[in-house]
S.K.: 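Questions regarding the structure given below will be posed in turn.
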Amino acid sequence: MSRGGERRMWGGRFAEETDALVQAFNASIDVDREMALEDVDGSIAHATMLGEQGIVTPEEALALVAGLRELRGAVERGEVEWSVALEDVHMNLERRLTERLGPVGGKLHTARSRNDQVATDFRLAVRGRTRALIALLRELRAVFVDLAERDLDVIVPGYTHLQVAQPVRLGHHWLAYYEMFTRDQGRLADSLARLDVSPLGAGALAGTGFPIDRHRTAALLGFREPAANSLDAVSDRDFALEFLAAAAIAMVHLSRLSEELILWSSQEFGFVELPDSHTTGSSIMPQKKNPDVSELVRGKSGRVFGALVGLLTVMKGLPLAYNKDMQEDKEGAFDAAATLAVCLRLTADMLPRVRVRAERTRHAAGRAFSNATDLADHLARGGMPFRDAHEAVGRLVAIALAEGVDLQELPLARLREVAPQLDEGVFAVLDVEAVVDARASYGGTARPRVLEQIARARAALAAEGAA
């Protein structure tokens, strides 16, 4: 017996009780109980195969499957009491099954190890979370397409080095995030192809002497095929690392978006007002409206980055095959999945409620000489070498700065002091709307190009929905 009255399921060769602190330190039930349903599903597949292969009798297999399905319902209803003394989810569930079925319950573990069992459960758990995140990413991408259409004619300053560079349509800006999250969704979808192999039946590390059918259990669990090498099957956590890497990159994108919303909602920018539903106030300053959701999304990126670095550190020095260090693989992955999921949901809910101050953004977009490149391009189209045109416009910017005006506010006579070939048509070139629509190259911010991007994005989302 172990402390707490639970009999250890591996204790036959041990003469002494496990130290209480060691027992608590060794246990993983507080984390891996999240895989309880996956563990039951893996056991149902294993029991089914054992019966089909004659390793247990048909009657025993039926009893095992029926008992496991009953146990699954108990897990779903929250009726299972978890014991630290039984260490992990596998032993807890097997003990409950044996209590229900008697000695036949002890036959469930025939031809498998906790090593291939946990590897299978973990793959199933990561697969389910990956699919859920893919769905959330698709919803968020659709939000950005809606925003791009809504804000198609809103002009905002585009920045490089956080300095005003060139004006763009806000719809174009939103679609940049659509592209980022499309790549995130693609990375997660790609990772499923490499996750899609079953470790079940690999045993502790070397396979088993029982005549099992690994292809059958793989099919029952929805895997493409069984893992080809038993050592790799139980020791591989690449699928979790790949999942965490994709999640970390997605959090980078959410953090960048959050940073922009935080800046844009400040009094200094004043480009947007965030909704009351996703902001908070100050306990001392009644005027405050704090972008707490965006700040937390930005901050929680560190949790996901930490999970990735943590698992990389765990795995980097491990010899084949399974090592107890790998018990540290799940907590970070599950936390990262939950963190990314809530951040995606909050962002998708908040963005449509953001109010854009279009007059302010348009005014800001037309300032800080954001049309300087267009004036240089205009001179270059008239035959002046671009480098000479660049120099001339630089001189005009210096003049405008000295006089406290923008380029379009300089009188024609002043412009012609530097570039005599200019005429009244230059002011149409310098208009902010003209500057935006001059970017008509593929993928640019001109209105027709942004409409093309919206149409392409909607078609992509529709195709995914039909798949």
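In this text the structure is predicted, and so the values were computed from the model without any measurement. In this chain, residues are counted from 1 in sequence order.
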S.K.: Can a salt bridge be assigned to the pair K289 and D276 using a cut-off of 4.0 Å between side-chain N and carboxylate O?
M.R.: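 Yes.
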S.K.: Are a donor atom and an acceptor atom from the side chains of S277 and R353 found within less than 3.5 Å of each other?
M.R.: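 Result is yes, a qualifying pair exists.
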S.K.: A side-chain contact here means heavy atoms from C-beta on lying under 4.5 Å apart; do V436 and R447 qualify?
M.R.: no
S.K.: Would D88 and R33 count as a salt bridge (charged side-chain N to carboxylate O under 4.0 Å, His left out) if you check the C-alpha gap in whole Å, the side-chain angles of each, and the deciding distance to 0.1 Å?
M.R.: CA-CA 7 Å; D88 57 35; R33 61 193 285 182; over 6 Å; no
S.K.: Do S43 and R112 have side-chain N/O donor and acceptor atoms under 3.5 Å apart?
M.R.: yes
S.K.: Return yes if a side-chain donor-acceptor contact under 3.5 Å exists between H278 and D349, otherwise no.
M.R.: no
S.K.: Whether R345 and E139 form a salt bridge (side-chain N of Lys/Arg under 4.0 Å from carboxylate O of Asp/Glu) is what I want to check.
M.R.: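 Yes, E139 and R345 are salt-bridged.
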S.K.: May I ask you to say whether E149 pairs ionically with R458, meaning some side-chain N is under 4.0 Å from a carboxylate O?
M.R.: yes
S.K.: Looking only at non-hydrogen atoms, find the nearest pair between L220 and A45 and report the distance.
M.R.: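 Closest approach of L220 to A45, heavy atoms only: CD1-O, 3.7 Å.
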S.K.: So does E452 pair up with R449, basic N to acidic O under 4.0 Å?
M.R.: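 Counted as a salt bridge, because a side-chain N and a carboxylate O are separated by less than 4.0 Å.
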S.K.: Can you tell if the side chain of V234 reaches within under 4.5 Å of the side chain of V118, non-hydrogen atoms only?
M.R.: no
S.K.: If you look only at distance, which donor and acceptor atoms sit under 3.5 Å apart when one is on a side chain in residues 310-320 and the other is two or more places apart or in another chain?
M.R.:
from : atom 1 : to   : atom 2 : distance (Å)
T313 : OG1    : V309 : O      : 2.7

S.K.: Check whether the side chains of T280 and D292 place a donor and an acceptor atom closer than 3.5 Å, and report yes or no.
M.R.: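 Their side chains do contain a donor-acceptor pair, which is all the 3.5 Å distance test asks for.
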S.K.: Quick one: are R214 and E225 in side-chain contact, heavy atoms under 4.5 Å?
M.R.: no
S.K.: Are there more than 12 heavy atoms of other residues, nucleotides or ligands under 6.0 Å from atom CD of E359?
M.R.: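 Check fails, neighbour count at 12 or below.
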S.K.: Between the side chains of R237 and D329, is the shortest nitrogen-to-carboxylate-oxygen separation below 4.0 Å, so that they form an ion pair?
M.R.: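 Between R237 and D329 there is a salt bridge, with a charged N closer than 4.0 Å to a carboxylate O.
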S.K.: Centre of F334's six-membered ring, under 6.0 Å away, within 45 degrees of the axis: is that where NZ or CZ of R129 sits?
M.R.: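 Geometry flag: set, cation within 6.0 Å and 45°.
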S.K.: Please verify the inter-ring angle class for F181 with H253; under 30° counts as parallel, over 60° as perpendicular, anything in between as tilted.
M.R.: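 Ring orientation, 0 to 90° scale: perpendicular.
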S.K.: Looking only at atom types and distance, does a side-chain atom of R169 sit under 3.5 Å from a main-chain N or O of V156, one as donor and one as acceptor?
M.R.: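 No.
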S.K.: Looking at R138, I want to see if its CZ is surrounded by more than 12 non-hydrogen atoms of other residues, nucleotides or ligands under 6.0 Å.
M.R.: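 More than 12 within 6.0 Å, yes.
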S.K.: Salt-bridge test for K330 and D121: reply yes if a basic N is under 4.0 Å from a carboxylate O, no otherwise.
M.R.: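 No, no charged N to carboxylate O under 4.0 Å.
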S.K.: Closer than 3.5 angstrom, by distance alone: can the side chain of S265 be matched with the main-chain N or O of I262 as a donor-acceptor pair?
M.R.: yes
S.K.: Distance only, no hydrogens: is a donor on one side chain within 3.5 Å (strictly under) of an acceptor on the other, for H46 and Q117?
M.R.: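 Side chains of H46 and Q117: no pair found under 3.5 Å.
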S.K.: At their closest point, which heavy atom of I249 faces which heavy atom of R187, and how far apart are they?
M.R.: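 Smallest heavy-atom distance, with atoms named: CG2-NH2, 3.3 Å.
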S.K.: Side chains of Q453 and E179: donor-acceptor distance under 3.5 Å anywhere?
M.R.: no
S.K.: For a quick test of your reading: what N or O donor-acceptor pairs under 3.5 Å do the side chains of residues 193-213 make, sequence neighbours left out?
M.R.:
from : atom 1 : to   : atom 2 : distance (Å)
R194 : NE     : E242 : OE1    : 3.0
R194 : NE     : E242 : OE2    : 2.9
R194 : NH2    : D190 : O      : 3.3
R194 : NH2    : E242 : OE2    : 2.5
D196 : OD1    : R224 : N      : 3.2
D196 : OD2    : R224 : N      : 3.4
S198 : OG     : L200 : N      : 3.2
T208 : OG1    : F210 : N      : 3.2
D213 : OD1    : H215 : N      : 3.1
D213 : OD1    : R216 : N      : 3.1

S.K.: Between R123 and D236, does any side-chain N to carboxylate O distance fall below 4.0 Å?
M.R.: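 The answer is yes: the pair qualifies as a salt bridge.
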S.K.: Does the structure place the NZ or CZ of R141 under 6.0 Å from the centre of the six-membered ring of Y177, at an angle of no more than 45° from the ring's axis?
M.R.: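 Judged by the rule (NZ or CZ under 6.0 Å from the ring centre, within 45° of its axis), R141 is not positioned above Y177.
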S.K.: Does E87 come within less than 4.0 Å of R114, counting only side-chain N to carboxylate O?
M.R.: yes
